[in-house]
Peer 1: 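Input: one structure, supplied below.
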Amino acid sequence: MTIDYNKLKVLINLPNLCHNFQVFRKRFDRVIPVIKSDAYGHGLAEVSRALNGEGVDTFAVGFVSEAVHLRQSGCDKRILALLGPVDESDVQALWQHRILTAISHKDQLSKVARAAQDNGPLDICLKFDTGMRRLGFRLESLPELIAFLKESKLTPVMATSHLVSADEPDSKMNVEAQAAKFRGMIAGLREAGYDVEANLANSAGSLAHELCHMDSLRLGIALYGGNPFHGTKWEDVGRELKPAMDVSAPVMQVHSLAKGEGISYGWTYTAERDSVVAIIGTGYADGYSRSLSNSGFMNIKGYRVPIRGRVCMQMTAVDVTELMSEGLGVVAGDEAFLLGGPGPGAISPEDLAGWWDTITYEVFCLLGMNRREYIR
Ligand SMILES: *Cc1c(COP(=O)(O)O)cnc(C)c1O
């Protein structure tokens, strides 16, 4: 659902997204784009269509309802629902819309096995818990799981597990332990006659942990140009990635702010010198977090301009004094970039996430809820 009452503009660069995909596709046969949550705010249907001809055979989403949306948008590739069925309509949709679902718990498994009695055989993906402690079967339950499957009309064709800390170079040991545990589970399944496709790696695992590569990769944040190793000693492995989202909002008014005057709710900023401020038509109602108050920057005409005072519901003030003194007039109707934008002031997803005190994933998901346009 799009926020359509505001003035924010999100521009998605699909060629950059395809470039990021090819960074991996060049090296690996089977790369599964993870396009859950509206493709991390980049648009489920648009992203899947852009990647369709790039050598994708499977897309991954979260809930089964997202998989149904994707199927109904015209996607004819294999669709994997990583979170599996939650209610009965999800269960029925697996057959109706040909969805490969992850199954992560005994109760979920029995529900789907029961439906298979009526609907016929079904290929499934088994989700294993190798340490995340959210969803998935544990190693101990493998014998019972296999016994159950043998009596059912369900065939596991894929096995998956999720890494806890692949993006932290110092957690290499954890990654190795998870991979070893997962390999044990895969071996058990194969011994039982199930030739599953194994995947463990997310973006960070794909970029830096060879032992996680296995049969396929699940590529999320890197597809959208986020470098999971930003700010770490492994930052360089993500150097080829290109952000694909630019976000801008209009300048509404420009005026002076005299030394000593406060601005916005609570006067949490007081001008240290005679200044010029621009009021930008965006705020927390657009997903532009209030935590950016007095800490974030925007990009106007290639310059970084600091946020002054509190971010409001639909307005944010920035200091444009320096631009003015450079002879670059700022007037109502000019564009202010919250993300990306021109020149040396371009705001990277990591910059914005840092000021916001969050991760690039959340920046994309929230800002991506606004009206989007596409570069194709
Ligand atoms: C979201 C998700 C991914 C993608 O992770 P990134 O860090 O964005 O690459 C992979 N696997 C599962 C199970 C996920 O939920």
Side-chain angles (χ1 to χ4, degrees), residues 17 20-21 23-25 27-28 30-42 44 47-48 51 56 58-67 70 79-84 86 99-105 108 124-137 158-169 171 174-175 178-179 182 185 197-209 212-232 234 237-238 240-241 243-245 349-350 353 358-366 368:
L17 226 135
N20 294 333
F21 181 74
V23 167
F24 294 86
R25 184 62 177 79
R27 289 194 284 147
F28 303 100
R30 187 170 254 172
V31 183
I32 301 176
V34 179
I35 54 174
K36 67 191 180 203
S37 287
D38 211 13
Y40 293 35
H42 293 67
L44 179 73
V47 169
S48 69
L51 293 175
V56 176
T58 306
F59 286 103
V61 293
F63 292 110
V64 171
S65 41
E66 299 178 71
L70 180 57
I79 302 177
L80 167 64
L82 291 164
L83 295 176
V86 174
I99 292 156
L100 174 63
T101 186
I103 301 281
S104 51
H105 186 263
Q108 196 179 37
I124 59 166
C125 164
L126 292 173
K127 183 166 188 138
F128 290 103
D129 179 2
T130 53
M132 188 70 106
R133 301 308 277 125
R134 300 187 308 191
L135 301 176
F137 293 98
M158 185 186 278
T160 190
S161 188
H162 200 32
L163 295 167
V164 172
S165 50
D167 57 349
E168 297 167 8
S171 300
N174 282 349
V175 175
Q178 280 192 273
F182 187 52
M185 293 156 165
E197 169 186 340
N199 60 61
L200 176 62
N202 54 3
S203 295
S206 304
L207 282 165
H209 299 281
C212 299
H213 289 163
M214 305 191 183
D215 302 319
S216 45
L217 309 175
R218 301 188 310 272
L219 195 68
I221 198 68
L223 181 61
Y224 309 101
N227 181 358
F229 293 107
H230 177 83
T232 75
W234 292 354
V237 299
E240 288 177 81
L241 303 171
M245 184 188 282
E350 288 83 10
T358 183
I359 52 176
T360 54
Y361 301 68
E362 189 179 8
V363 167
F364 290 148
C365 286
L366 293 182

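Quick note: numbers below take in every heavy atom, side chains included, and nothing from hydrogens, waters or symmetry partners. We count ligands from 1, going down the list as the structure has it; atoms in each ligand are counted the same way. Since the model is a prediction, treat every value here as computed from it, not as a measurement.
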Peer 1: Under 3.5 Å between any N/O of Tyr361 and any N/O of ligand 1: does that happen in this structure?
Peer 2: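 Tyr361 vs ligand 1: N/O contact under 3.5 Å present.
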Peer 1: At what distance is the nearest protein heavy atom to atom 2 (C) of ligand 1, and which residue and atom is it?
Peer 2: Lys36 NZ, 2.6 Å
Peer 1: The criterion is ring pair (Phe, Tyr, Trp, His ring centres under 6.0 Å); which residues satisfy it with Tyr361, sequence neighbours excluded?
Peer 2: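 For Tyr361 the ring pair (Phe, Tyr, Trp, His ring centres under 6.0 Å) partners, ignoring immediate neighbours, are Tyr40.
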Peer 1: Identify the protein heavy atom lying closest to atom 9 (O) of ligand 1, giving its residue, its atom name and the separation to 0.1 Å.
Peer 2: Ser203 OG, 2.5 Å
Peer 1: Please step through side chain to side chain contact (heavy atoms under 4.5 Å, CB included) for the pair Val164 and Asn174, ending with a clear verdict.
Peer 2: CA-CA 8 Å; Val164 172; Asn174 282 349; 5.6 Å; no
Peer 1: Is Leu82 touching ligand 1 with its side chain, its backbone, both, or neither, if touching means heavy atoms under 4.0 Å apart?
Peer 2: side chain
Peer 1: To check your reading of the model: name the closest protein heavy atom to atom 11 (N) of ligand 1, its residue, and the distance in Å.
Peer 2: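 Protein heavy atom with the smallest distance to atom 11 (N) of ligand 1: Arg218 NE, 2.8 Å.
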Peer 1: Please report which non-hydrogen protein atom sits nearest to atom 12 (C) of ligand 1, along with the residue it belongs to and the distance in Å to one decimal place.
Peer 2: His162 CE1, 3.4 Å
Peer 1: Considering heavy atoms of the protein only, find what lies nearest to atom 4 (C) of ligand 1 and give residue, atom and distance to 0.1 Å.
Peer 2: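 In this structure, atom 4 (C) of ligand 1 has Tyr40 OH, 3.4 Å as its nearest protein heavy atom.
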Peer 1: Atoms of ligand 1 less than 4.0 Å from Ile221 heavy atoms?
Peer 2: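 Near Ile221, meaning under 4.0 Å from one of its heavy atoms, ligand 1 has 6 (P), 8 (O), 9 (O).
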Peer 1: Side-chain contact test, heavy atoms from C-beta onward, threshold under 4.5 Å: evaluate it for Ile103 versus Phe137 and give yes or no.
Peer 2: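 Ile103 vs Phe137: side chains touch.
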Peer 1: Keeping His105 on the side-chain end and Gly136 on the backbone end, is there a donor-acceptor pair under 3.5 Å?
Peer 2: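 It does not hold such a pair.
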Peer 1: Evaluate the side-chain proximity of Leu17 to Tyr224: yes if any heavy-atom separation is below 4.5 Å, no if none is.
Peer 2: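 Tyr224 reaches Leu17 side chain to side chain.
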Peer 1: Under the side chain to side chain donor-acceptor pair (under 3.5 Å) test, which residues partner Ser216, sequence neighbours left out?
Peer 2: Glu197, Asn199
